[in-house]
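One structure is given here, and the rest of the page talks about it.
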Amino acid sequence: MRKNIVNQLRLPISPEITARFPSTRYQGSKVKLVNWIWEKIADLEFSSCLDVFGGTGSVAYRFKQANKCVTYNDALRFNYFIGLALIENNKTQLSSDDINWLLESHSDIIYPSFVHQTFHDIYFTDDENLWIDHTITNIRRLTDPYKFAIAFYSLCQSCIIKRPYNLFHRKNLYIRFADVERSFGNKATWDRPFAEWFRIFIEEANQAIFDNGKENKALNLDYLDIPGEYDLVYIDTPYISKRSIAVDYYWYYHFLEGLTIYDQWGDHIDRSSKHLRLKPRKNEWTDKNLIHKAFDQLFNKFQESIIIVSYRSDGIPSERELESLLKKYKSHVSIEHYGKYKYVLSTNSESKEILFIGV
């Protein structure tokens, strides 16, 4: 049943490092391209690296496996916990006792019901909403930051896998129960209890944790606020197609971001939206009128580093425009083409994966 979601990112660099990156259904993940990306940059000389838009963490994780000193960053708080759990964390795991405690009710804890009261008939069933309320409340009692991150990561993955299209972009719980011929999704996956998925994703996270001997770091900052200097900077921004359709992770995964502000969540909901998203906020990476300037600022900030950019052939800016922007700051820019690559859930089969290498 899980063969479609389990990736094969098992990349032993030494006998001690045989960890495997966890499975994911995250939109735009580079997990299936990471070996190709690494192949194209492996000969570059660098010790420290920054993944500016870390997302699933698959590229940062590959750098960690290559014994680099890795800094993972993502502006979204729920993504930050991926970096904390899998990149910064070198040894902490959740024990069986920890997992059992997270899945139990405790008489000394008062369990709120915000998700149950707010999101009826939108994303999950009433019982599932109560389970989320219960579990996030227990997770928030964990005092070890890495145990918290692993548990929170596993909760998010459990929420994603039980969603039609693995997104929170519309009110469509009915798809899970409609008596129709299904062209997408796996009803058995959707119907599997949250607690079972939660245990599965914790197990995957636990086995992915390893120590590469470096002091790796996870950040939750806007790209212009990232401190420090890095030998290499990897960039994989949100994507705007030539038809001006933007991939907005804040919109796609607002429910997971809301879990990071559980106590204040209600104050940040856009009540005019049927699916109760978080209130929109300005994002230059999803605005075709601002994205050229954003790339220029990003390249300027890290012009002393080797700059690697993952991109799509039909994006805004165009391939030629982005090459021109990068050449303002780097004396040599090479471009590698992977060929046609269809992302999970994408309807565009013509877009080609591109890698810019600026040294």
### Query
CZ/Phe53 to CG/Asp74 distance, rounded to the nearest 0.5 angstrom?
8.5 Å
### Message
Please tell me whether Glu203 and Asn206 have a donor and an acceptor in their side chains that are separated by less than 3.5 angstrom.
### Response
no
### Query
Are Trp285 and Phe295 close enough that their ring centres sit under 6.0 Å apart?
yes
### Task
Report the relative orientation of the aromatic rings in Tyr123 and Phe119; use parallel for angles under 30°, tilted for 30 to 60°, perpendicular for over 60°.
tilted
### Query
Aromatic rings His106 and Trp101: how do their planes relate, parallel, tilted or perpendicular, breaks at 30° and 60°?
parallel
### Message
Once you measure the plane-to-plane angle for Phe201 and Trp197, does it fall in the parallel (<30°), tilted (30-60°) or perpendicular (>60°) bin?
### Response
parallel
### Query
For residues His120 and Asp126, is any side-chain donor paired with an opposing acceptor at under 3.5 Å?
yes
### Query
Would Tyr230 and Phe46 count as a close aromatic pair, with their ring centres under 6.0 Å?
no
### Query
So, Tyr61 versus Phe210, ring centres under 6.0 angstrom or not?
yes
### Query
Any cation-pi pair here, Arg62 with Phe21, using under 6.0 Å and within 45°?
no
### Task
Over 60° means perpendicular and under 30° means parallel, so classify the ring planes of His275 and His254, tilted if in between.
perpendicular
### Query
Using a distance-only test with no angle check, is there a side-chain donor-acceptor pair under 3.5 angstrom linking Thr286 and Tyr249?
no
### Query
Can Arg281 be said to sit on top of Tyr250's aromatic six-ring, NZ or CZ under 6.0 Å from centre and within 45° of the ring axis?
yes
